[in-house]
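Below is one structure, written out as structure tokens; the observations come after it.
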Amino acid sequence: MIVAEQKPIGDIAASLGSFKNIVIASCDTCVTVCLAGGEKEALEIQGLLTLCDRESGAERAYTVVNIKRQCDDEFFEGENDVIARADAVLSLACGAGVQFMAEKYRSLPILPALNTKFMGASRGLGYWTEMCQGCGNCILERTGGICPVSRCSKSIFNGPCGGSQNGKCEVSPDIDCGWQLIYDRLRAIGQLDRLSGIIETRDWSTSRDGGPRSLALPDARVGKEDERVV
Amino acid sequence: MSDKSRLQRVLEQGNFSLTTEIGPPMSADAQLVRKKARMLVGAADAANITDNQAAVVRMSSIAAGILASQEGIEPVIQMTCRDRNRIALQSDLLGAWALGARNLLCLSGDHPSLGNHKQAKNVYDIDSIQLLQAVARLQNEGVFLSGGKCRHPPHFFLGATANPFADPSELQLMRLQKKIAAGAQFIQTQAVYDVEAFEQWMARVRALGLHEKAYIQAGIVVNKSVKSIEMTRLVAGMRIPESYIDRMRAAGDAAAEGKAIALELICRLRQVEGIRGIHIMSVGWEEVVPELAGESGLLPRPAAEQEDETV
């Protein structure tokens, strides 16, 4: 899932500028799970912004709408009218959702309420860690199901570097050395030999380094000829 | 004409090598590099020029290396993968060779978060092993990482580091094998204080025959003060027996004690089977290097003349 956290309320309030009629849009998927951008958080932010306005003397009206997924067109139906009447939308979605709304409502300012952090997994109540960088070229079969790109601070493929000590990374004692994890796992499953060869220089063009990426599945696009296919 | 470095000739002609280190200044002052370099002329076969060590901005290792070479000490250019992608790495390699650098040490580099530009974007396009592999292919096959041909490739004496004390030890040893398989001709180790642990590591290195595939040089740090040894102890992958720290603390003259410890270490490490040289990291105390070299019987340095290849 995509993990995000709320911006400080002062930053959000400052970003509202002179807008008076604000729609606060929650998103019902990843950011709800990580307690950053669900309906509950949207109502909380509404309350906090109302308090901020009371202190600053600003006069604003807020309407909370809940969008199931802000990154998909079909989930906005039913909210179009209320959104169209707003001066601006405060989106509690991840960066993808904010941008999707900005494309969809071309004349409307869409403001982010969250900082989108990473693709990760839940590691207990209220705790998530980064697991994937979406590099587009997965080698988890070679590294025991632990990703060197996202779990090693240097994203090195023939680790660990000399900074690994007692299973921890040189960056912080709070960070596990990704290569220690890979080693422990491969050893436990009797596949340490998978590390014996040099992992060759990577092709990062499948990652963000190749420019913004897209994915078009021809079979799923039947009947979509009217859309621009990248 | 042979383009072999002096360090390579020293080792290939069967001599025990002595190398040391120059940390470039956090400024554009050429005189600081020249002054350090002059202290080392005749006292060592070559000097590593560190590449923004600890992720702190300093004069470029290539530029400082050329300054050192103008003063008469051969540089070992350190090149980390932290700040340059494959385009910049290969470009700098070509430039370093064109300017006369002949030794190259490939490293991962300390993470930016350890340095003074913590906001920097770290690069790590390729890692140190992939860099070794890339340089070896460029040199041996005349091919860039792109697959494109290089008509006049460099021919560096290619080095890498090894940390006998880092974790996990089995994987670290596999990495050393990979580095040598990738093309490393010489290896400089992390500073050794714990000679017993180092001997155990060398036994494993010898069992794999790695000491016959690359020239392994044992690293030592010479500490000038109690603070210096305490700071050294904090470096990741460093193992310092308590007895050395106690000795530094108890000594009236910590600098003299630090030098005495370094002399003992050199003496013991020279006798470890498979060790072909000593690498002294003086952490800014360059003037002690000629003293250590002399008092440990490593002077004069061999002439290591260029072999005549015209026959």
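A quick note: this is a predicted structure, and the numbers were derived from the prediction, not measured. Letters go in sequence order (proteins before strands), and every chain restarts at 1. These numbers come from the heavy atoms of this one structure, side chains and all, not from hydrogens, waters or symmetry mates.
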Please classify the contact of [X] with chain A as side chain, backbone, both or neither, using a heavy-atom distance under 4.5 Å.
X: B/Asp167; result: both
X: B/Val123; result: neither
X: B/Leu107; result: neither
X: B/Arg86; result: side chain
X: B/Asn85; result: neither
X: B/Leu171; result: both

Test item: [X] side-chain N/O and [Y] main-chain N/O as donor-acceptor pair under 3.5 Å:
X: A/Arg202; Y: B/Asp125; value: no
X: A/Lys154; Y: B/Gly109; value: yes
X: B/Gln130; Y: A/Ile199; value: yes

Any idea which of [options] has the most non-hydrogen atom pairs under 4.5 angstrom with chain B?
options: A/Asp184, A/Val171, A/Leu192; answer: A/Val171
options: A/Cys169, A/Gly167, A/Gly159, A/Gly197; answer: A/Gly159
options: A/Ser172, A/Ser155, A/Ser153; answer: A/Ser153

Checklist entry - Hey, which of B/Ala134, B/Ser108, B/Pro168, B/Ala182 has the most heavy atom pairs under 4.5 Å with chain A? => result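 So the answer, after comparing B/Ala134, B/Ser108, B/Pro168, B/Ala182, is B/Pro168.
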Checklist entry - So which of B/Arg175, B/His111, B/Arg82, B/Met174 has the largest heavy-atom pair count under 4.5 angstrom toward chain A? => result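 The candidate making the most pairs under 4.5 Å is B/Arg175.
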Roughly how far, to the nearest 0.5 Å, is the [atom2] atom of [Y] from the [atom1] atom of [X]?
X: A/Glu200; Y: B/Leu145; atom1: CD; atom2: CG; value: 9.5 Å
X: B/Asn163; Y: A/Gln165; atom1: CG; atom2: CD; value: 8.0 Å
X: B/Lys178; Y: A/Asn158; atom1: NZ; atom2: CG; value: 4.0 Å

Checklist entry - Between A/Arg187 and B/Glu170, is any pair of side-chain heavy atoms under 4.5 Å apart? => result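 Side-chain contact under 4.5 Å: yes.
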Within a radius of less than 6.0 Å around [atom1] of [X], do more than 12 heavy atoms belonging to other residues, nucleotides or ligands occur?
X: B/Leu208; atom1: CG; value: yes
X: A/Arg185; atom1: CZ; value: no
X: A/Glu55; atom1: CD; value: no

Checklist entry - Closest heavy-atom contact between A/Ser164 and B/Ala166? => result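 Closest approach of A/Ser164 to B/Ala166, heavy atoms only: O-CB, 4.0 Å.
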Checklist entry - Do you know which two heavy atoms are closest between B/Tyr124 and A/Ile156, and how far apart they sit? => result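 What the structure gives for the nearest pair is CD2-CG2, 4.3 Å.
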Checklist entry - Using a heavy-atom distance cut-off of less than 4.5 Å, which residues of residues 92-128 of chain A contact chain B? => result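 Residues of residues 92-128 of chain A touching chain B at under 4.5 Å: none.
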